[in-house]
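Before any comments, here is the structure.
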Amino acid sequence: MPYDVKKDLKALYAPKNTDWALVDVPEQRFLAIDGRGNPNTADGYKRAVEALYAVAYTLKRAAERDFVVGPLEGLWWADDLAAFTVRAKDSWQWTMLISQPGWIGEDDVEEARETVRRKKKLDADVRFETLEEGRCAQALHVGSYDDEGPLLARLHGEYLAAHGLTPTGRHHEVYLGDPRRTAPEKLRTVLRQPVSQ
């Protein structure tokens, strides 16, 4: 049976709670690529995601052990956090991610990048990155990405203060549905915020 991060880390990739709860996130390794701007309109976003998936599937085909390519994930930040609750997307900065199994290493990623450059003529800055998020507030959002604002406002306006928590890292999202095939009201997105007390 192939490795599947959604099954191996079920509490992080298939949560049931639609309100904020604390989880402990282990160290994970990802393919990563950076950019900025509105993900709905920025050409750079589409190219970045295309390159990320190209490297991920090249790694999968070349790997000695089978695995399921993980869902698209994103780290999001802006100079002003209010940019997220009011959906001021042009000011957003992002790192898009795809989780990798523990046996994938930097050499494997470099080889996959070279294969993608040579065969697909895609030359993008996909890199191998380790995240150590630790303690996080996490909730499952069901619905359109544009409807996340109230849940995020509750996190920053109520939940963190009520639990004596401070945000310590970038806002993290895990996309469990394909917006090209899923109605907006049925999309499922894990929202995650690293925190400390």
Side-chain angles (χ1 to χ4, degrees), residues 2-17 19-36 39 45 48-49 51-53 55-56 58-60 63 65 67-81 83-84 92-113 124-141 145 148 151-152 154-156 159-176 188-197:
Y3 170 82
D4 185 344
V5 70
K6 295 184 303 299
K7 293 178 181 175
D8 191 56
L9 297 175
K10 196 171 183 175
L12 305 177
Y13 287 86
K16 305 279 189 232
N17 58 296
D19 201 359
W20 296 102
L22 293 175
V23 294
D24 291 309
V25 179
E27 177 180 292
Q28 286 183 269
R29 295 190 287 181
F30 294 90
L31 296 177
I33 190 165
D34 301 321
R36 87 175 285 130
Y45 180 83
V49 171
L52 202 58
Y53 273 112
V55 173
T58 300
L59 276 167
K60 175 182 170 55
R65 294 171 59 188
F67 65 93
V68 174
V69 172
L72 184 66
E73 304 184 39
L75 301 178
W76 300 89
W77 69 101
D79 294 334
D80 179 2
L81 280 179
F84 293 104
W92 293 1
Q93 297 177 63
W94 40 264
T95 298
M96 301 314 296
L97 308 161
I98 296 179
S99 178
Q100 295 300 295
W103 63 85
I104 298 292
E106 180 66 53
D107 290 345
D108 301 311
V109 173
E110 180 56 35
E111 189 173 318
R113 276 191 301 250
D125 294 326
V126 175
R127 68 181 182 284
F128 199 42
E129 181 171 310
T130 300
L131 283 183
E132 298 178 47
E133 292 179 302
R135 179 56 59 105
C136 293
Q138 177 177 281
L140 176 65
H141 171 72
Y145 304 137
E148 294 174 4
L151 187 56
L152 293 173
R154 180 166 143 51
L155 170 70
H156 292 284
Y159 184 84
L160 295 178
H163 292 83
L165 299 168
T166 303
T168 59
R170 294 179 177 157
H171 172 73
H172 189 158
E173 296 191 355
V174 181
Y175 306 103
L176 301 176
R188 293 169 40 251
T189 307
V190 179
L191 306 181
R192 190 179 300 150
Q193 176 62 58
V195 294
S196 66
Q197 283 188 304

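Aromatic ring pairs are classed by plane angle as parallel below 30°, tilted from 30° to 60° and perpendicular above 60°; the pair Trp103 and Tyr3 is perpendicular.
With a 4.5 Å cut-off on side-chain heavy atoms, Lys7 and Val68 do not count as touching. Side-chain contact between Leu9 and Gln28: present, with at least one pair of heavy atoms (C-beta onward) separated by less than 4.5 Å. The shortest distance between side-chain heavy atoms of Glu173 and Trp76 falls below 4.5 Å. A 4.5 Å side-chain heavy-atom check between His171 and Trp77 finds every atom pair outside the cut-off. The shortest side-chain heavy-atom distance between Leu12 and Val23 falls under the 4.5 Å cut-off. Side-chain atoms of Tyr13 and Asp8, non-hydrogen and from C-beta on, never get closer than 4.5 Å to each other. Contact annotation: the side chain of Leu155 never approaches that of Pro167 to less than 4.5 Å [non-hydrogen atoms, C-beta and beyond].
For Arg135, the side chain to side chain contact (heavy atoms under 4.5 Å, CB included) test picks out Leu22, Asp24, Val195, with sequence neighbours left out. When the side chain to side chain contact (heavy atoms under 4.5 Å, CB included) test is applied to Asp34, the partners found at least two apart in sequence or on another chain are Thr95, Arg127. Residues forming a side chain to side chain contact (heavy atoms under 4.5 Å, CB included) with Pro194 (at least two apart in sequence, or on another chain): Glu133, Cys136, Thr168.
Side chain of Gln193 to main chain of Gly169: a donor-acceptor pair is present (N/O by atom type, distance under 3.5 Å, no hydrogens or angles). Side-chain atoms of Lys60 come within 3.5 Å of backbone atoms of Phe67 as a donor-acceptor pair (strictly under, hydrogens ignored).
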